[in-house]
There are 2 protein chains.
Amino acid sequence: MKQEHSRKQPSPDKPTISDTTLRSFVGYRMKRAFNVVQDDLTATLRPFDLRMLTYTALVLIVDNPGLRQSQLADAMDIERPNLVVIIDELERRELIVRDRVPTDRRAYALRATLVGRQLYDKAVAAVTAHEVELLAGLDNATVATVLDALRVIEKARQRS
Amino acid sequence: MKQEHSRKQPSPDKPTISDTTLRSFVGYRMKRAFNVVQDDLTATLRPFDLRMLTYTALVLIVDNPGLRQSQLADAMDIERPNLVVIIDELERRELIVRDRVPTDRRAYALRATLVGRQLYDKAVAAVTAHEVELLAGLDNATVATVLDALRVIEKARQRS
DNA sequence: AATCATTGGTATGCCTCATATCTAATTTCA
DNA sequence: TGAAATTAGATATGAGGCATACCAATGATT
């Protein structure tokens with residue numbers, strides 16, 4: 001996703017069109033807000049030459065040394081074939097290594113290199129800083145409420 | 001996006017991997033929650049043979065009869081070339097028409113047909129019902145707080 | 001040993017997004 | 001007014017994120 005939605009202010013001559021119906025949907029609001037967050041994240045990660053998915057994979061590998069590709073795919077909620085190219089890229093850049101698992105020669109144990117861990121540190125710090133700025137207009141209690149609501153929504157699928 | 005993330009419960013044997021670092025980011029939580037909402041929306045719209053984008057376009061055209069394609073692209077935050085195929089599809093299905101604008105022969109005024117408005121009614125009702133179910137675990141005050149927070153986040157870009 | 005399941009990989013296609021470029025039509029303005 | 005710039009829509013094309021089908025190698029089951 002290379003969007004970076006250009007935020008164009010409404011031209012005063014053309015009539016602004018109404019999205020009242022859509023605004024009544026939480027999903028629509030979430031998408032619009034998430035676009036902003038994602039664009040910000042994309043811009044934040046660009047200096048590190050990371051995309052959202054490579055960043056996510058790197059973080060999970062650093063935090064879970066030795067995990068298998070299939071576990072990582074599960075955690076990232078993507079299919080195994082799509083993870084391969086992500087791992088390929090991280091390995092090519094020597095941010096991680098594919099270690100053979102002695103007890104199961106089909107599998108790889110993924111581990112971050114020193115360089116990978118250093119990039120992780122810098123990227124996580126940058127993303128954290130950007131999030132703080134993005135949430136500057138909200139007090140902590142509100143953020144906590146939102147996070148809790150998001151968790152409820154995320155878990156709602158298991159009911160349906 | 002044809003995802004429909006298969007919600008697999010964690011196998012008890014394999015160690016669940018930790019996403020603690022990522023969980024600390026609001027963006028990550030938003031993405032996970034939004035995936036659920038989007039999957040639900042996709043499933044809800046499937047019986048109507050609508051995707052999120054065709055649905056969004058249809059709703060905006062019904063609510064703003066006569067708008068131009070470029071206005072619609074602006075409202076949907078997508079590029080004009082990408083809107084063309086969406087409009088093509090809606091027109092082919094005779095849900096909307098491209099009327100020539102007499103005062104500007106470059107432009108089209110988009111209008112929904114009767115069939116389009118009928119589909120709109122059904123789809124909006126279905127999506128509304130699904131949202132109610134998805135948000136069943138949250139009280140109204142919480143939803144209001146979340147919507148407000150989302151608006152603050154969405155507008156935050158204009159500050160940066 | 002034979003069958004089945006799993007891991008990682010390859011090939012492939014769809015959808016969403018972007019950019020560059022084209023035409024026709026309309027504005028702008030020297 | 002007439003040339004240049006701008007705009008509306010369309011086409012072509014490519015990147016990236018997703019899915020499925022299929023394969024080879026290995027491991028698990030019986």
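Everything numeric here is computed off the predicted structure, so don't read it as measured data. Here is how names work: the chains are called A, B, and so on, in the same order as the sequence lines, proteins then strands, and each is numbered from 1.
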For a 4.5 angstrom cut-off between non-hydrogen side-chain atoms, does [X] reach [Y]?
| X | Y | value |
| --- | --- | --- |
| A:R98 | A:R111 | no |
| B:D77 | A:R32 | yes |
| B:D148 | A:T142 | no |

Give the rounded distance in Å between these two atoms: [atom1] of [X] and [atom2] of [N].
| X | N | atom1 | atom2 | value |
| --- | --- | --- | --- | --- |
| A:E79 | C:dC14 | CD | C1' | 15 Å |
| B:Q71 | D:dA8 | CD | C1' | 11 Å |
| B:R68 | D:dG9 | CZ | C1' | 12 Å |
| B:I78 | C:dT19 | CD1 | C1' | 15 Å |
| B:E89 | C:dC14 | CD | C1' | 13 Å |
| B:L72 | D:dG9 | CG | P | 10 Å |
| A:D77 | D:dG17 | CG | P | 15 Å |
| A:N82 | C:dA11 | CG | P | 15 Å |

So if you build clusters from Ile, Leu, Val, Met, Phe, Trp, Tyr with side-chain heavy-atom gaps below 4.5 Å, do [X] and [Y] land together?
| X | Y | result |
| --- | --- | --- |
| A:L110 | A:V115 | yes |
| A:V124 | B:Y28 | yes |
| A:L67 | A:M76 | yes |

Practice problem: Tell me what A:L83 touches on the nucleic acid: a base, only sugar-phosphate, or nothing, going by heavy atoms under 4.0 Å. | Solution: nothing
Quiz prompt | DNA chain C-proximal residues of residues 95-109 of chain B, any heavy atom under 4.0 Å | solution = B:D104, B:R105, B:R106
OP1 or OP2 of [N] less than 4.0 angstrom from a side-chain nitrogen or oxygen of [X], does that happen here?
| X | N | value |
| --- | --- | --- |
| A:S70 | C:dG8 | yes |
| A:Q69 | C:dG9 | yes |
| A:R80 | D:dA19 | no |

Quiz item: Considering only side-chain heavy atoms of A:L53, which listed nucleotide, D:dC18, D:dT20, D:dA10, is closest?
Solution: D:dC18
Self-check item: Minimum-distance nucleotide (side-chain atoms of A:P81 versus D:dG16, D:dC18, C:dT10)
Solution: C:dT10
Quiz item: Pick from B:V62, B:T56, B:D63, B:L58: which one makes a side-chain contact (heavy atoms from CB on, under 4.5 Å) with B:L60?
Solution: B:T56
Quiz item: Hey, can you pull the residues of residues 56-67 of chain B with a non-hydrogen atom under 4.0 angstrom from DNA chain D?
Solution: none
Quiz item: Does B:R29 pair with A:E154 as a salt bridge, N-O distance under 4.0 Å?
Solution: no
Self-check item: Over 12 foreign heavy atoms within 6.0 Å of CG, B:N140
Solution: no
